[in-house]
There are 2 protein chains.
Amino acid sequence: MEGHSPRVHVVTLADVAREAGVGDSTVSRVLRNHGSFSKKTRDRVSEAASRLGYVPNRLAGTLAGSPDSVGSRLVGIVIPSLTNVVFPDLLRGMSGVFDSAGFQSVIGVSDYDAVREEAVISALLSWRPAGLIITGLEHTAATRTRLKASGIRIVEMVDTDGPWIDIVVGFSSREAGSASARHLLSRGYRRIGYVGHDISRDVRAAKRLAGFVATLEETGHSVVDREIVSNASSVAAGRAGFDALMARSPKIDAVYFSNDDMAIGGYYHCLSRGWAVPRRVALFGFNGLDMAMSLPQPMSTIATPRLKMGQIAAEKLSAGGPSETIDVGFDLIEGATA
Amino acid sequence: MEGHSPRVHVVTLADVAREAGVGDSTVSRVLRNHGSFSKKTRDRVSEAASRLGYVPNRLAGTLAGSPDSVGSRLVGIVIPSLTNVVFPDLLRGMSGVFDSAGFQSVIGVSDYDAVREEAVISALLSWRPAGLIITGLEHTAATRTRLKASGIRIVEMVDTDGPWIDIVVGFSSREAGSASARHLLSRGYRRIGYVGHDISRDVRAAKRLAGFVATLEETGHSVVDREIVSNASSVAAGRAGFDALMARSPKIDAVYFSNDDMAIGGYYHCLSRGWAVPRRVALFGFNGLDMAMSLPQPMSTIATPRLKMGQIAAEKLSAGGPSETIDVGFDLIEGATA
DNA sequence: TTGAAAGCGCTAACAT
DNA sequence: ATGTTAGCGCTTTCAA
């Protein structure tokens with residue numbers, strides 16, 4: 001800290017009060033437009049405040065605030081990753097709602113790791129947020145306990161398959177996998193492969209695969225071969241995985257990908273190889289990304305209501321109703337690739 | 001709030017002190033591992049703390065903290081949008097640094113609007129952050145004044161073309177545009193078009209275009225036709241804009257896009273039309289996204305060090321050196337599309 | 001090594 | 001309608 005800051009005196013509420021020639025509490029009332037005061041004092045105060053460039057200290061405000069109003073106008077958000085487009089979309093959904101509600105969000109990234117998540121949640125809790133929005137239902141026992149003990153609103157978003165804490169907003173990952181399997185079967189594909197990214201960390205991708213496999217097996221079918229790349233999902237990873245899979249099992253007639261990024265990689269590979277899609281091989285993704293739906297042949301995939309989930313999660317957090325589970329569902333997109 | 005919370009008593013430092021049979025300040029010292037205390041008390045205190053499930057209240061801690069330690073372990077981040085992949089990448093870069101430094105980040109979205117930005121920054125400032133990372137150099141006069149008066153570290157990231165406040169981490173958008181123009185000219189393209197998204201809001205896209213046009217004109221050339229779509233940038237928008245442009249000016253031999261998303265749309269259109277790239281028409285993007293580089297023909301584009309910018313921005317914010325401008329540069333990728 | 005006491009900047013009774 | 005007085009939960013002198 002050298003560039004500026006010769007120990008800047010930050011303007012406080014007391015400074016404003018002195019400047020306006022009124023008491024502290026009057027300033028507080030005027031600035032929060034709460035309680036009663038004459039029109040004249042209102043003007044004097046707001047004028048003094050802006051003349052001094054007063055910025056209220058929310059830390060102090062929240063600390064002093066009534067013990068009823070649990071927490072501040074801060075909300076904590078925990079997402080597994082910023083790499084995956086899905087999460088920025090969720091944030092975007094919340095953003096609108098929180099903006100109009102006057103909430104600020106503190107964001108933590110768990111990196112798909114329940115232990116890191118525990119640490120991140122502790123850190124967020126120490127800011128005494130009004131509530132927490134977290135991703136998925138898989139948490140450590142300690143996290144679950146601490147969350148319940150916190151007494152604040154907890155929203156778990158994205159997935160609905162499992163035990164929850166307070167409010168859940170999402171859809172069934174397992175069911176999404178099943179629906180994908182049913183679609184491929186109904187189209188007549190029988191030699192089905194899978195290309196996925198590191199699934200030990202992405203629990204929901206694992207659940208989709210589980211639902212997918214279960215549905216195939218219920219009808220006497222199976223995944224004939226699978227290729228798991230060790231990295232996070234990406235177009236490049238999908239392309240490499242698909243290449244490896246098809247080289248090993250060329251008779252495969254349809255591939256289920258862990259998500260659209262991966263599936264786009266597969267599609268690019270088909271383009272390069274000159275393979276007709278879906279004649280030579282059908283492709284099925286997950287997410288319903290813009291990039292995937294705008295391909296020369298729109299991807300067959302499952303579109304998830306990410307913005308909507310974010311919005312609902314934010315609304316439920318700020319509203320304060322009973323605990324509940326909201327299933328937002330998903331849409332199977334019958335694209336041109338499967 | 002009904003699900004749980006029959007007015008939960010949140011454990012305070014005083015509770016821990018009572019439980020451990022010591023004074024408040026002792027607990028404070030032990031928990032922050034600062035000052036001196038016997039090994040015995042250390043154990044008693046930390047045991048009591050974990051038995052009670054104590055979560056320190058950072059609001060109170062920061063408020064009480066020394067007036068020297070400007071601000072908390074909170075940093076404010078302002079980005080224009082969450083839609084554009086670029087910004088999550090920047091956040092990701094910061095995330096790692098802040099995690100290890102024990103900082104929490106509060107994020108605000110300005111929606112490419114200087115007036116909204118002003119409001120967002122005020123809101124962030126009210127949490128008394130240790131510093132602020134904001135995007136770009138274009139701010140309202142009021143924002144600039146308030147930022148300077150705040151006395152905290154301010155990092156402006158992404159762009160270096162213009163007047164700054166404290167620390168700048170980025171590259172020259174104008175120069176990126178120029179480099180793109182030079183590349184297309186050196187490859188022999190002469191009938192050059194432009195397809196862009198709403199540029200009145202995205203200042204940096206406008207600067208790139210300005211640099212691009214200036215360089216063409218310096219060498220006696222010009223942009224023969226341009227198509228601006230009114231929406232935000234997306235693959236679909238790029239495709240539509242490119243279609244319109246080529247329908248109107250079919251003789252165009254190269255197109256400069258406002259970014260990779262848009263350029264991918266153009267590429268998809270060529271695929272659908274069966275146009276050979278770059279023979280029929282060359283394409284040039286901006287950003288260097290995974291999606292663009294993994295195309296059957298890797299996109300010719302400019303890759304920007306987004307993670308690195310985020311990292312450096314975060315480091316500069318936490319480190320506290322003199323004001324400075326750090327130019328991280330960019331890489332022109334000689335792909336297969338131009 | 002430890003405790004007591006004085007705030008940090010604000011809000012919320014309670015007076016007036 | 002407005003001022004006065006306690007705190008909110010913590011950190012930090014300053015004594016002991």
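Each chain gets a letter, A, B and so on, in the order its sequence line appears, and its residues count up from 1. Scope of the values below: all heavy atoms of this structure, side chains included, with no hydrogens, waters or symmetry mates.
Among pairs with a residue in residues 97-109 of chain A, those fulfilling side-chain hydrogen bond (donor to acceptor under 3.5 Å, both in side chains) read A:Asp99-B:Arg116, at least two apart in sequence or across chains. Residue pairs satisfying the ring-ring contact (aromatic ring centres under 6.0 Å, His included) criterion with at least one member in residues 111-168 of chain A, sequence neighbours excluded, are absent. Screening residues 307-319 of chain B for side-chain hydrogen bond (donor to acceptor under 3.5 Å, both in side chains) gives B:Lys316-B:Glu324 as the qualifying pairs, with residues at least two apart or on separate chains.
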Under-3.5 Å N/O pairs linking protein and nucleotides 7-9 of chain C:
| unit_1 | atom_1 | unit_2 | atom_2 | d |
| --- | --- | --- | --- | --- |
| C:dC8 | O2 | B:Leu63 | O | 3.3 |
| C:dC8 | O2 | B:Ala64 | N | 3.1 |
| C:dG9 | N2 | A:Ala60 | O | 3.3 |

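Remark: the backbone N or O of A:Leu91 is not paired with any side-chain donor or acceptor of A:Ser95 at under 3.5 angstrom. Panel note: side chain A:Arg44, backbone A:Ala20; a donor-acceptor pair is recorded below 3.5 Å.
Recorded end-axis angle for the helix from C:dT1-D:dA16 to C:dT16-D:dA1 stands at 40°, based on five pairs per end and rounded to 10 degrees.
Counting only N and O atoms by type, the side chains of B:Arg42 and B:Ser38 include no donor and acceptor under 3.5 Å apart. A:Ser28 and A:Ser25 share no side-chain donor-acceptor pair at under 3.5 Å.
Partners of A:Glu118 according to the salt bridge (charged side-chain N to carboxylate O under 4.0 Å, His left out) rule, which considers only residues two or more places apart in sequence or in another chain, do not exist here. Annotation: ring-ring contact (aromatic ring centres under 6.0 Å, His included) contacts of B:Phe103 (sequence neighbours excluded): B:Phe98. Applying the side-chain hydrogen bond (donor to acceptor under 3.5 Å, both in side chains) criterion to A:Arg92, with sequence neighbours excluded, gives A:Asp89, B:Thr83. Applying the side-chain hydrogen bond (donor to acceptor under 3.5 Å, both in side chains) rule to A:Thr325 yields no partners; only residues at least two apart in sequence or on another chain are considered. For A:Asp15, the side-chain hydrogen bond (donor to acceptor under 3.5 Å, both in side chains) partners are A:His9, A:Thr12, A:Arg18, not counting sequence neighbours.
What you find for B:Gly131 and B:Ile152 is that their closest heavy atoms are CA-CD1, 3.9 Å.
D:dT2 atom P lies 14 Å from atom CG of A:Leu31, rounded to whole Å. Computed from coordinates, the A:Arg32 CZ to C:dC10 P distance equals 11 Å when rounded to whole Å.
Of the residues in residues 17-29 of chain B, those with a non-hydrogen atom less than 4.0 angstrom from any atom of DNA chain D are B:Ser25, B:Ser28. Contacts of residues 38-46 of chain A with DNA chain C (heavy atom under 4.0 Å): none.
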